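Heads up: the structure comes next, in structure tokens.
Worth knowing before you read on, the calculation uses all heavy atoms, side chains too, and leaves out hydrogens, waters and symmetry mates. Position 1 is the first residue of the sequence; numbering continues from there. Source: prediction; values computed, not measured.
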Amino acid sequence: MVLDLSSNKLSGSIPVELMALQALQSLNISKNQLTGVIPKNIGDLKLLESFDASLNHLSGELPMSFSGLSFLSSFNVSFNNLTGRVPSSTQLQSFNESSFIGNKLCGVPLTKLCGEVVHNRDQEEGDTSHGVDFG
């Protein structure tokens with residue numbers, strides 16, 4: 001089953017009801033105005049071969065359940081507001097960096113490595129000067 005909802009000016013979240021379409025092989029929701037996160041149970045779509053959610057306003061992290069998609073051969077989440085580490089030990093590592101560009105993602109296959117976040121002690125204590133010394 002193929003579902004192409006691209007370029008329809010859709011807004012709001014990705015409907016979680018789509019995750020119940022067990023026979024879905026291709027899901028294209030690109031070029032819309034979708035917001036929110038990619039449903040955590042996207043991995044329930046075990047037959048999914050193609051996933052394109054590019055050019056939306058999606059946020060949050062890529063769900064770890066992507067690791068359950070063993071048939072995934074086409075993938076694009078470029079130009080969203082996604083953050084965090086690309087889930088490892090998945091087929092996601094086989095895709096080109098262009099599949100992820102325009103987000104704040106890190107880790108293989110991207111050239112940006114994930115590092116530890118260093119917290120500024122002054123900011124943790126409520127200092128709003130942002131390190132600027134006005135004295």
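Between the side chains of T111 and E97, at least one donor N or O lies within less than 3.5 Å of an accepting N or O.
In the hydrophobic clustering of this structure, V86 does not group with V108; members are Ile, Leu, Val, Met, Phe, Trp, Tyr whose side-chain heavy atoms approach within less than 4.5 Å, directly or through other members. A chain of hydrophobic side-chain contacts below 4.5 Å, direct or via other Ile, Leu, Val, Met, Phe, Trp or Tyr residues, connects M1 to I29.
Counting heavy atoms from C-beta on, the side chains of F71 and L47 come closer than 4.5 Å. Side-chain contact between L34 and H57 is absent, with no heavy atoms from C-beta onward closer than 4.5 Å. Contact annotation: the side chain of L92 approaches that of L72 to within less than 4.5 Å [non-hydrogen atoms, C-beta and beyond]. Residues I14 and M19 are in side-chain contact: their nearest non-hydrogen atoms beyond the backbone lie under 4.5 Å apart. Under the 4.5 Å side-chain criterion, counting only non-hydrogen atoms from C-beta, T83 is not in contact with N103. R85 is not listed as a side-chain neighbour of L105, based on a closest heavy-atom distance of 4.5 Å or more. Looking only at side-chain heavy atoms (C-beta outward), S78 and I101 come within less than 4.5 Å of each other. The side-chain heavy atoms of L69 and F51, taken from C-beta on, include no pair separated by under 4.5 Å.
Using modelled atom types, one side-chain atom of N32 and one backbone atom of L10 make a donor-acceptor pair closer than 3.5 Å. Checked by atom type and distance alone, the side chain of S50 never pairs as donor or acceptor with a backbone atom of S26 at under 3.5 Å. At least one donor-acceptor pair closer than 3.5 Å links the side chain of N56 to the backbone N or O of S54. Distance alone, capped at 3.5 Å, is enough to place a donor-acceptor pair between the Q93 side chain and the P87 backbone. A donor-acceptor contact shorter than 3.5 Å is absent between the side chain of N80 and the backbone of L82.
One finds the CG atom of L27 at 11.5 Å from the OG atom of S74 (value rounded to the nearest 0.5 Å). Residue L48 holds its CG atom at 11.0 Å from NZ of K46, rounded to the nearest 0.5 Å. Residue S98 holds its OG atom at 10.5 Å from CG of L110, rounded to the nearest 0.5 Å. A distance of 8.5 Å separates CG in L55 from OG in S7, rounded to the nearest 0.5 Å. Annotation: the span from Q25 atom CD to L3 atom CG amounts to 12.0 Å, rounded to 0.5 Å. Rounding to the nearest 0.5 Å gives a distance of 13.5 Å between CD of E61 and NZ of K104.
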Check step by step if side chain to side chain contact (heavy atoms under 4.5 Å, CB included) holds for L62 and I38.
CA-CA 7 Å; L62 292 173; I38 298 171; 3.9 Å; yes

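The aromatic rings of F75 and F66 stand perpendicular to each other, their planes meeting at an angle above 60°, with 30° marking the opposite boundary.
For the residue pair S65 and G43, the shortest heavy atom distance occurs at OG-N, 3.1 Å.
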